[in-house]
Student: 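To start, I am sharing the structure in question, which I have written as structure tokens.
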Amino acid sequence: VIIDRGQLLSVGEWADPAEYKRHRITESGISPRSLPLEGEALVCTDADEHDEGGHLIEDAETRTAMVLKRLRKREGMKEEISCPRIYGATQAEVTLVGWGSTYGALRETVDLANQEGMDVNLVHLSEIWPFPAEAVSQALRGARRVFAVENNATAQLARLIQAETGYQIMGKIAKFDGRPFSPAYILRELKQEVS
């Protein structure tokens with residue numbers, strides 16, 4: 001197993017530990033960091049906006065530079081974010097959409113539903129930001145009946161998909177009692193929705 005800790009500050013890279021710039025402006029937007037108890041670099045981050053050294057600033061030029069640095073991080077993240085995982089047939093009569101910890105219950109629901117003669121597949125996201133809009137659009141292209149299966153009351157993922165892709169998910173299966181989904185619960189709710 002290779003563990004990649006990202007851009008780290010090399011021990012002894014700074015002659016004076018007080019000169020360490022935890023928030024150094026870089027081309028990638030990612031500043032090298034010091035690991036706790038490794039070297040003598042002093043990590044400082046004050047208030048809402050700060051300079052490269054982590055100290056409070058109020059000038060517009062530094063604030064603009066720091067915001068642009070953080071936006072560059074997002075570009076790198078877009079290159080690394082996972083595409084949605086499709087489980088089951090590429091096209092199905094019913095598509096379930098979920099993210100995060102719902103995967104196991106949704107995958108089992110697809111298996112149970114298909115064993116009962118339904119035509120169901122799954123589009124699952126393990127990461128949602130920066131949102132992989134093109135990959136989600138491609139995964140949902142041609143979907144017939146789509147249900148967002150979410151552990152919240154307001155269908156947050158369905159709204160995010162609509163905001164980022166324009167695709168409106170009409171069907172929703174929500175559970176917000178603080179307990180995880182079970183395949184039996186999802187299948188029961190799905191049958192009620194499609195009947």
Student: Return the set of residues passing ring-ring contact (aromatic ring centres under 6.0 Å, His included) with F181 (not counting sequence neighbours), or none when no residue passes.
Tutor: Y185
Student: Return yes if a side-chain donor-acceptor contact under 3.5 Å exists between R159 and Q156, otherwise no.
Tutor: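 Side-chain D/A pair, R159 to Q156: absent.
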Student: I'd like to know if the side chain of R85 pairs up with that of Y103 as donor and acceptor (distance under 3.5 Å, no hydrogens or angles considered).
Tutor: yes
Student: Any idea which heavy atoms bring V123 and A139 closest together, and the distance?
Tutor: CG1-CB, 3.9 Å
Student: Just wondering, are more than 12 heavy atoms of other shown residues or ligands nearer than 6.0 Å to CZ in R72?
Tutor: yes
Student: Would you check if T64 and E61 make a side-chain contact, meaning some heavy-atom pair closer than 4.5 Å?
Tutor: no
Student: Assess whether side chain to side chain contact (heavy atoms under 4.5 Å, CB included) is satisfied between D59 and R63, documenting all intermediate values.
Tutor: CA-CA 6 Å; D59 68 280; R63 178 174 173 78; over 6 Å; no
Student: Got I81 and M77 here, is their nearest side-chain heavy-atom distance under 4.5 Å?
Tutor: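 Counting from C-beta outward, I81 and M77 never come under 4.5 Å.
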Student: Are I186 and V120 linked, directly or through intermediate hydrophobic residues, by side-chain heavy-atom contacts shorter than 4.5 Å (ILVMFWY only)?
Tutor: yes
Student: Between E52 and R24, does any side-chain N to carboxylate O distance fall below 4.0 Å?
Tutor: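 Answer for the salt bridge query: no.
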Student: Do you know which two heavy atoms are closest between G98 and L122, and how far apart they sit?
Tutor: N-CD1, 4.4 Å
Student: Decide yes or no on salt bridge (charged side-chain N to carboxylate O under 4.0 Å, His left out) for K73 and E27, but give the supporting numbers first.
Tutor: CA-CA 9 Å; K73 284 184 190 181; E27 189 174 320; over 6 Å; no
Student: Nearest 0.5 Å please: distance from the CH2 atom of W99 over to the CG atom of L160.
Tutor: 9.5 Å
Student: Answer yes or no: is there a donor N or O on one side and an acceptor on the other, between the side chain of R107 and the main chain of G88, under 3.5 Å?
Tutor: no
Student: OG1/T90 to CZ/R141 distance, rounded to the nearest 0.5 angstrom?
Tutor: 13.5 Å
Student: Please answer: with hydrophobic residues joined when any side-chain heavy atoms are less than 4.5 Å apart, are L112 and L96 in the same cluster?
Tutor: yes
Student: Spell out, as yes or no, whether a donor-acceptor pair under 3.5 Å connects the side chain of R144 to the backbone of A92.
Tutor: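 Between the backbone of A92 and the side chain of R144 there is a qualifying donor-acceptor contact (under 3.5 Å).
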Student: If I compare all heavy atoms of L106 with all of H124, which pair ends up nearest, and what's the gap?
Tutor: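 L106 and H124 have their closest heavy atoms at CD1-CD2, 4.4 Å.
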Student: Does the side chain of N121 reach to within under 4.5 Å of the side chain of Y87, using non-hydrogen atoms?
Tutor: no
Student: State the CD-CD distance between E134 and E164, to the nearest 0.5 angstrom.
Tutor: 12.5 Å
Student: Provide the closest heavy-atom pair for R179 versus N151 in the form atom of the first, atom of the second, distance.
Tutor: O-ND2, 3.5 Å
Student: Taking side chain to side chain donor-acceptor pair (under 3.5 Å) as the definition, give me every residue that meets it alongside E93, ordered by chain and number, with sequence neighbours left out.
Tutor: none
Student: Assess whether salt bridge (charged side-chain N to carboxylate O under 4.0 Å, His left out) is satisfied between E75 and K78, documenting all intermediate values.
Tutor: CA-CA 5 Å; E75 294 308 310; K78 283 180 182 178; 3.6 Å; yes
Student: Side-chain heavy atoms under 4.5 angstrom apart, residues restricted to Ile, Leu, Val, Met, Phe, Trp, Tyr: same cluster for L187 and V94?
Tutor: yes
Student: On a heavy-atom basis, which atom in E193 and which in K172 lie closest, and how many Å separate them?
Tutor: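 Smallest heavy-atom distance, with atoms named: OE2-O, 4.4 Å.
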Student: Starting from I25, can I reach I57 by hopping between I/L/V/M/F/W/Y residues whose side chains sit under 4.5 Å apart?
Tutor: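 Different clusters.
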Student: Got a second to check how far D119's CG is from R145's CZ, nearest 0.5 Å?
Tutor: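 D119 atom CG to R145 atom CZ measures 12.0 Å (nearest 0.5 Å).
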Student: Is V149 reachable from L140 through a run of hydrophobic residues whose side-chain heavy atoms are each under 4.5 Å from the next?
Tutor: no
Student: Does either side chain, that of D51 or that of T62, offer a donor lying less than 3.5 Å from an acceptor on the other one?
Tutor: no
Student: Under 4.0 Å between a Lys/Arg side-chain N and an Asp/Glu carboxylate O for K175 and E189?
Tutor: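 Between E189 and K175 there is no salt bridge, as every charged N stays at least 4.0 Å from the carboxylate O atoms.
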Student: Taking the side chain as every heavy atom from C-beta outward, state whether L190 and F147 have any pair of such atoms under 4.5 Å apart.
Tutor: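 Side-chain contact under 4.5 Å: yes.
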Student: Please check if the side chain of E49 supplies one atom and the backbone of L56 the other of a donor-acceptor pair under 3.5 Å.
Tutor: no
Student: In terms of side-chain heavy atoms, does S31 have a donor or acceptor partner in K69 at a distance below 3.5 Å?
Tutor: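 Their side chains do contain a donor-acceptor pair, which is all the 3.5 Å distance test asks for.
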Student: Does CD belonging to E58 count more than 12 external heavy atoms closer than 6.0 Å?
Tutor: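 Atom CD in E58 is not packed in, count stays at 12 or less.
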Student: Which heavy atom of R74 sits nearest to which heavy atom of W129, and what is that distance?
Tutor: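 Taking R74 first and W129 second, the nearest heavy atoms are CD-NE1, 4.2 Å.
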Student: Please tell me if the side chains of S126 and S82 come closer than 4.5 Å, counting only heavy atoms from C-beta onward.
Tutor: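 Result yes, sub-4.5 Å side-chain heavy-atom pair found.
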